[in-house]
Structure formats: C-alpha cells, structure tokens
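Read the structure below first, then the notes.
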Amino acid sequence: MKIVTYNVNGIKARIDRLVEYLTEQQPDIVCLQELKSQDDGFPIDRIHEAGYGAVWHGQKSWNGVAVLAKGKVPVERQRGLAGDPEDEHSRYLECEIDGLVVAAIYLPNGNPQPGPKFDYKLKWMDRLADRARALLAEEVPVVLAGDYNVIPNDDDTFSVRAMQDDALMQPESRERYRALLAQGWTDALRTKFPGGKVWTFWDYQAGAWQRDAGFRIDHLLLSPQAADRLRDAGVDKEYRGREKASDHAPTWVRLR
DNA sequence: ATGTCAGAACACTTCTGA
C-alpha cells in the first residue's frame, strides 16, 4: 500500500492538482498539510468523486491537515496535541485505517529565528515527542507523515550556506528531530536514500525548481511494526513541475 | 534586487506567512 504526505499549499487552490494526483497514482492513504481553509470550505465532494473518504481539521487562512483513504473513511483518534490549551493551530490529526495508525503533521515553520515563532516550534516538537512516545508504547504500525519543517542533515539541502540561518536547519530543530528518531522511529526516505540529496520542497522564488535548489522537509516516520513492512519510499517529484503546482512534492512510502 | 504564491481585508492593492 502507498501512503503519501503532501503539503498542498491551499486545498482550494490545489484541488484540481490533488484530484489529478489521486486519479493517476491511486494512493491508499494521503496526509495533507496547509489546507489554508476552514472546515466548511474543504472540497469533500471532489474528494468523494475521486473515490476517497476523508477526515479534516481546518483553520481560517493558515495551517490545516487532513487524512484521506481510498474507498473508506479514516477513523479519527485525536486532533491537536496535548500540552498547550492556548494552541489553536490545526497541525495534528491522527486517524486509524484498517489497523494502521496514521497522523498528518504540519510542524511549525519557526521563522524568523530567534523569536516567539521559533520558541513555539520547539515547544510543539516537544509536545509531538510526547505523543510519539505514547504511540510507540501501543506497539502497533504507525506512520507519522507530514511537513516537519526540519532539514535533518546537511545533505538534505541544496545549500547549507543558503539555509544556515533558517529555522528549518537550526541545531535546536535538528536535535529534537534526532531525539524523535532515537525513540525508535524510522525515517523512511533516509533509509531508502542514505546518501541524502533527495528533495521534497522547492521554493517558488528565485527559480528554485529550475535550479533544483530544494531540500527535504516532508518526512514519513515509521514505528517498528510499520518499518518491518517497509518496501519502498520516494518522492513524486514530477508533480512539482506541473502548472499551478504546490511548492512541495508528494512524498511516499510503500508498505507490505 | 527576497526574484513567488495563497488568503484575507479598513478590498481591486497591500499585508502576512511561508
């Protein structure tokens, strides 16, 4: 089965591209980020027409996550992370589909750093780590799929120099990402491409796509029970080059 | 020379966030 994470950068602006992707690739499960839409603006009819069920957690203007499943409706387990009652951002949605737990994650960007947005990012990562630890304790197959807004290693970016002051690459962000992996999660893309140099995001600006100036920030983390079933992982890079594309490409794993 | 998008509003142009 193919499980995808795809930051669409606006579900209403991207619905034609998304339906095209679903039709062509027929993924089994898709985690979406950056819906940039309230719940009542989510184009569920178009998604149903494409043969998918969905659970979504929207928000006006920004953020927003969803989980789609082919031919079925995901069963919601949790929306939002514990640990901050003041946090209104729609960034975490956890569902179950046929015994597989899947969470759609939109981790805070954190720029500019230092500053309150970076502080929020780091605290959010700590809260995610708490949830991730609880999920591992369940000893079931889990996929944490999303835009983590973290460039884990130097070979996960076209240019360390260009990104050195960015929140995506700060030691504090990387330490927390590494700590998450150290709990027992497998970074599926890293396992498949240990040499790095695989991008999931290319900025709209400065001809980044044309220059292949990208980086890897969309990740699929697998619990041991899911990692045992890992067959393949990759990026559907071609979709980044299409008309009206998102700045992210769909990123996926295949599990047995 | 921050060169592009998407969404929203004191809205048809400018701002914010990424």
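Model, not experiment: these values are computed from the prediction. Hydrogens, waters and symmetry mates play no part in the numbers below; they use all other heavy atoms, side chains included. Reminder, nothing fancy here: chain letters follow the sequence lines and each chain counts from 1.
Where A/Gly207 and A/Ala245 each meet DNA chain B at their nearest nucleotide, the meeting point lying more 5' is that of A/Gly207. The residue among A/Asp147 and A/Lys60 whose nearest nucleotide of DNA chain B lies closer to the 5′ end is A/Lys60.
Distance, A/Asn9 CG to B/dC5 P: 10 Å, rounded to whole Å. To the nearest angstrom, P of B/dT16 lies 17 Å from CG of A/Asn63. Distance CZ (A/Phe118) to P (B/dA18): 14 Å, rounded to an integer number of Å. Following rounding to the nearest Å, A/Gln205 (CD) and B/dG17 (P) show an atom-to-atom distance of 15 Å. Atom NE2 in A/His89 sits roughly 11 Å away from atom C1' in B/dG17 (whole-Å rounding).
Rounded to whole Å, the separation between the C1' atoms of B/dT2 and B/dA18 comes to 12 Å. Atom name C1', nucleotides B/dG3 and B/dA8: the rounded distance is 24 Å, in whole Å. Rounded to whole Å, the C1' atom of B/dC12 lies 15 Å from the corresponding atom of B/dG7. For B/dA11 and B/dC15, the C1' atoms lie 12 Å apart once the distance is rounded to whole Å. When the C1' atom is used for both B/dC10 and B/dT16, the distance is 16 Å, rounded to whole Å.
The local environment of CZ in A/Arg161 is sparse, with at most 12 non-hydrogen atoms from other residues, nucleotides or ligands closer than 6.0 Å.
Inter-residue side-chain proximity for A/Thr5 and A/His219 is flagged as unmet; no heavy-atom pair is nearer than 4.5 Å. A 4.5 Å side-chain heavy-atom check between A/Ser173 and A/Phe118 finds at least one atom pair inside the cut-off. At least one side-chain heavy atom of A/Pro152 sits under 4.5 Å from a side-chain heavy atom of A/Arg216.
Applying the 4.0 Å criterion to OP1 and OP2 of B/dC5, one finds that A/Lys36 has every side-chain N and O outside that range. Considering only side-chain N and O atoms, A/Lys117 lies under 4.0 angstrom from the phosphate OP1 or OP2 of B/dG17. Phosphate proximity of B/dT4 to A/Lys244: absent, as no side-chain N or O sits under 4.0 Å from OP1 or OP2.
Checked against B/dG17, B/dA9, B/dC5, the side chain of A/Tyr204 finds its nearest nucleotide in B/dC5. Which of B/dA18, B/dC5, B/dG3 sits closest to the side chain of A/Glu34 comes down to B/dA18. You'll find that the side chain of A/Ser61 is closest to B/dG7, out of B/dA18, B/dG7, B/dT4.
Annotation: cation-pi pair A/Arg242/A/Tyr239 present, NZ/CZ under 6.0 Å from the ring centroid and within 45° of its normal.
Looking at heavy-atom distances under 4.0 Å, A/Arg14 makes contact with sugar-phosphate atoms alone, never a base. Across all strands, A/Ala13 comes closer than 4.0 Å only to sugar-phosphate atoms, never to a base (heavy-atom distances).
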